[in-house]
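Notes follow once the structure below has been shown.
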Amino acid sequence: MVVGSVLVTGGAGYIGSFTALALLEADYKVVIVDSLYNSSEEVVNRIELICGKRPDFYKLDITDEAALDKVFTDHPDIDNVIHFAALKAVGESGEIPLEYYRVNVGGSISLLRSMKKHNVTNVVFSSSATVYGDATRFPNMIPIPEHCPIGPTNPYGRTKSTIELVITDFIEAERNNAKKAGTSGDKWNGALLRYFNPCGAHPSGIMGENPLGVPYNLLPLLAQVAIGKREKLLVFGDDYKSKDGTAIRDYIHVLDLAKGHLVALNYLREHNPGVKAWNLGSGRGSTVFDMVKAFSKVVGHDLPYQVVDRRAGDVLDLTANPTLANQELKWKTKLTLEDACADLWKWTENNPEGYNQQPPKEFLAA
Ligand code: NAD
Ligand code: WQD
């Protein structure tokens, strides 16, 4: 039985593809739209290999409202949207901010306009812990709760906090207008999911993060060191006020994160709450050295690293307080750092060229 139909923007990307898989496994129909700017269409095959169901796929740019309109027209059953499509490189956002605002903010506005035209009224949005900026500037805000004041420190983060405001203003207006007019438009709902540091891969070893170009995040870089594509990891600073001097983050397995999207969507559909923000994190902080140790353990030997200066814009501690999601969504992370490291290593060993190569033979035979 199909429980609903979801348009997943950016569904060929890392988190979007895992969420598309979780939705299909939960008997949702899935339509992916993605420009393939930072992804490969091969992921659609991998999703089908894992769950036996294939999402529909459209290559399009979310800033193209007419193209979005056509997808909604072709699929009148779509009743929800999960919105991942975005540019996400923090450093680059400082170099080409207009492009980040055009794609991230402009694309989100096109999407909301198109949803309104087609009466699709539930949207789950990929926000980010980055909207909090440096929460250590406040007393008692680590681990970070949702009511921590917003204060992103880079243009990428500001596009995310701006989209949160756009979604909030738009949905509040739609609900108020509908109440005044006595119509049924007060069914608009939005989930602002602020995720911490996603990592890991599918335990099958055939789906994982496949960034085009040079990775920016710690775990993909460590994986490149382990597979021999990179000589060593540069550790950005060991003079932070932490147990070993390196910065603290809340790493969350991408399978747990994907489930978080599913439960948030179900919550919107069941409770009609308007706009809600939830942190998706484990509540557990790990240092860079913790991660180097955990990954070295699954690889089976020490990985070379060198401590260098702090990276500009980095903060000491981004650890979530996930109590709200635990209580309201009945969602908690289940997988450990060790699971994430083991799954990432299996993916890396199986697919050193990411999706640019065939999946392992046992999957082709299936
Ligand atoms: P990703 O780059 O793997 O996925 C984003 C997808 O969007 C890609 O497939 C890309 O091709 C697509 N895309 C980009 N511009 C597009 C456009 N104009 N039209 C259509 N598609 C477009 O990144 P991800 O890590 O899976 O991130 C997904 C979302 O989660 C993003 O919104 C990101 O900002 C957010 N997020 C990511 C992290 C993280 O650390 N990975 C943390 C917090 C929030
Ligand atoms: C993690 C830790 C680094 C690389 C970023 C974005 C954030 C969100 C998640 C999208 C930090 C250290 C890293 C390296 C290192 N994305 N590090 N050497 O910076 O917490 O968050 O991704 O929303 O917005 O800013 O993640 O993986 O880059 O870094 O020492 O080569 O690893 O200093 O402490 P970050 P990250």
Side-chain angles (χ1 to χ4, degrees), residues 8-19 32-41 43 58-64 67-68 82-91 93 99-100 102-104 106-108 110-111 125-133 152-154 156-157 159-160 163 193-199 208-222 224-225 230 232-238 240 242 246-252 254 257-258 261 280-281 285-292 305-319:
V8 182
T9 77
Y14 177 42
I15 308 166
S17 59
F18 279 86
T19 302
I32 290 175
V33 297
D34 198 302
S35 65
L36 302 180
Y37 173 80
N38 191 35
S39 51
S40 154
E41 195 177 339
V43 77
Y58 290 78
K59 182 169 187 275
L60 64 78
D61 195 304
I62 53 156
T63 59
D64 182 349
L68 287 170
I82 305 187
H83 177 33
F84 294 97
L87 303 179
K88 63 159 190 177
V90 172
S93 76
E99 190 58 8
Y100 272 67
R102 186 184 74 80
V103 172
N104 294 6
S108 299
S110 305
L111 177 67
F125 170 59
S126 286
S127 189
S128 169
T130 205
V131 297
Y132 296 117
T153 55
N154 55 69
Y156 162 72
T159 68
K160 290 287 168 185
I163 300 163
L193 301 184
R194 297 175 182 158
Y195 1 116
F196 284 67
N197 287 58
C199 62
E209 187 169 7
N210 182 43
L212 305 182
V214 182
Y216 166 92
N217 293 114
L218 177 64
L219 265 299
L221 286 165
L222 263 177
Q224 289 203 343
V225 174
R230 191 170 286 270
K232 61 190 170 195
L233 178 80
L234 300 180
V235 173
F236 297 143
D238 66 353
Y240 287 98
S242 69
T246 62
I248 303 163
R249 296 290 181 272
D250 184 334
Y251 295 90
I252 166 173
V254 67
L257 186 56
H261 290 78
L280 296 184
S286 305
T287 65
V288 177
F289 283 152
D290 287 335
M291 299 310 288
V292 173
Y305 67 82
Q306 180 190 346
V307 177
V308 296
D309 286 346
R310 291 182 181 194
R311 183 171 63 183
D314 273 355
V315 300
L316 162 66
D317 192 341
L318 271 175
T319 303

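When a ligand or atom number is given, it counts from 1 through the structure's own listing order.
Distances below 4.0 Å separate heavy atoms of A85 from the following atoms of ligand 1: 7 (O), 20 (C), 21 (N), 22 (C). Near Y156, meaning under 4.0 Å from one of its heavy atoms, ligand 1 places the atoms 33 (C), 34 (O), 35 (C), 36 (N), 44 (C). Of all atoms in ligand 1, listed by their number and element, those nearer than 4.0 Å to a heavy atom of G10 are 6 (C), 7 (O). Taking every non-hydrogen atom of Y37 and a distance limit under 4.0 Å, the qualifying atoms of ligand 1 come out as 11 (O).
Not a single donor-acceptor pair under 3.5 Å links the side chain of D250 to the backbone N or O of F196. Here the side chain of N154 pairs a donor or acceptor atom with the backbone of Y156 at under 3.5 angstrom. Judged by distance alone, the side chain of T9 and the main-chain N or O of F84 form a donor-acceptor pair under 3.5 Å. A donor-acceptor pair is defined here as one N or O able to donate and one able to accept, closer than 3.5 Å; no such pair exists between the side chain of Y100 and the backbone of G157. Checked by atom type and distance alone, the side chain of D317 pairs as donor or acceptor with a backbone atom of T319 at under 3.5 Å.
At a 4.0 Å heavy-atom cut-off, ligand 1 touches S127 through the backbone alone. Heavy atoms from both the backbone and the side chain of N38 come within less than 4.0 Å of ligand 1. Counting heavy atoms closer than 4.0 Å to ligand 1, residue L60 contributes backbone atoms (N, CA, C, O) but none from C-beta onward. Neither the backbone nor the side chain of Y195 has any atom closer than 4.0 Å to an atom of ligand 2 (non-hydrogen atoms only). Counting heavy atoms closer than 4.0 Å to ligand 2, residue V90 contributes side-chain atoms (C-beta onward) but none from N, CA, C or O. Counting heavy atoms under 4.0 Å from ligand 1, residue L36 touches it through the backbone alone. Counting heavy atoms under 4.0 Å from ligand 2, residue L218 touches it through both backbone and side chain.
Proximity of D34 to ligand 1 is established by a heavy-atom distance of less than 4.0 Å. Heavy-atom distances between Y251 and ligand 2 reach below 4.0 Å in at least one pair. The shell of residues lying under 4.0 angstrom from ligand 1, judged by heavy atoms, includes K160. Within the structure, ligand 1 lacks N197 among the residues with a heavy atom less than 4.0 angstrom away. Within the 4.0 Å heavy-atom shell around ligand 1 one does not find G107. No heavy atom of K88 sits closer than 4.0 Å to any atom of ligand 2.
Taking only nitrogen or oxygen atoms, main chain and side chain alike, V33 does not reach within less than 3.5 Å of ligand 1. Considering both main-chain and side-chain atoms, F196 never comes within under 3.5 Å of ligand 1 through any nitrogen or oxygen pair. Polar contact check, I62 against ligand 1: a nitrogen or oxygen pair lies under 3.5 Å apart. Backbone and side-chain nitrogen or oxygen atoms of I15 are examined, and one is located within less than 3.5 angstrom of a nitrogen or oxygen of ligand 1.
Remark: minimum distance from atom 30 (O) of ligand 2 to any protein heavy atom is reached at F236 N, 2.9 Å. In terms of protein heavy atoms, atom 22 (C) of ligand 1 is closest to S35 OG, 3.2 Å. With respect to atom 5 (C) of ligand 2, the closest heavy atom belonging to the protein is N217 ND2, 3.6 Å. Residue, atom and distance of the protein heavy atom nearest to atom 4 (O) of ligand 1 are G13 CA, 3.5 Å. Nearest protein heavy-atom contact of atom 20 (O) of ligand 2 is R249 NE, 2.5 Å. For atom 31 (O) of ligand 2, the closest non-hydrogen atom on the protein side is L221 CD1, 3.2 Å. The nearest heavy-atom contact from the protein to atom 5 (C) of ligand 1 is A86 O, 4.1 Å. Scanning the protein for heavy atoms near atom 40 (O) of ligand 1, the closest one is P198 CD, 3.3 Å. The shortest contact between atom 28 (O) of ligand 2 and any protein heavy atom is with R311 NH2, 2.9 Å. Nearest non-hydrogen protein atom to atom 24 (P) of ligand 1 is K88 NZ, 3.7 Å. In this structure, the protein non-hydrogen atom closest to atom 18 (N) of ligand 1 is D61 OD1, 3.0 Å. Of all protein heavy atoms, the one lying nearest to atom 8 (C) of ligand 2 is S128 OG, 4.1 Å. The closest protein non-hydrogen atom to atom 31 (C) of ligand 1 is F84 O, 3.1 Å. Shortest contact from atom 12 (C) of ligand 2 to any protein heavy atom: V288 CG2, 3.7 Å. For atom 34 (O) of ligand 2, the nearest non-hydrogen atom of the protein is A247 CB, 3.3 Å.
Considering T153, D314, L234, N197 only, the shortest heavy-atom separation from atom 21 (O) of ligand 2 involves N197. Taking all heavy atoms of Y195, Y14, Y58 into account, the minimum distance to atom 36 (N) of ligand 1 is reached by Y195.
Judged as a salt bridge (Lys or Arg N to Asp or Glu O under 4.0 Å), and not counting sequence neighbours, K160 has no contacts.
Considering only heavy atoms from C-beta on, E209 stays 4.5 Å or farther from L219 through its side chain.
The neighbour count for Y305 OH, taken as heavy atoms of other residues, nucleotides or ligands under 6.0 Å away, does not exceed 12.
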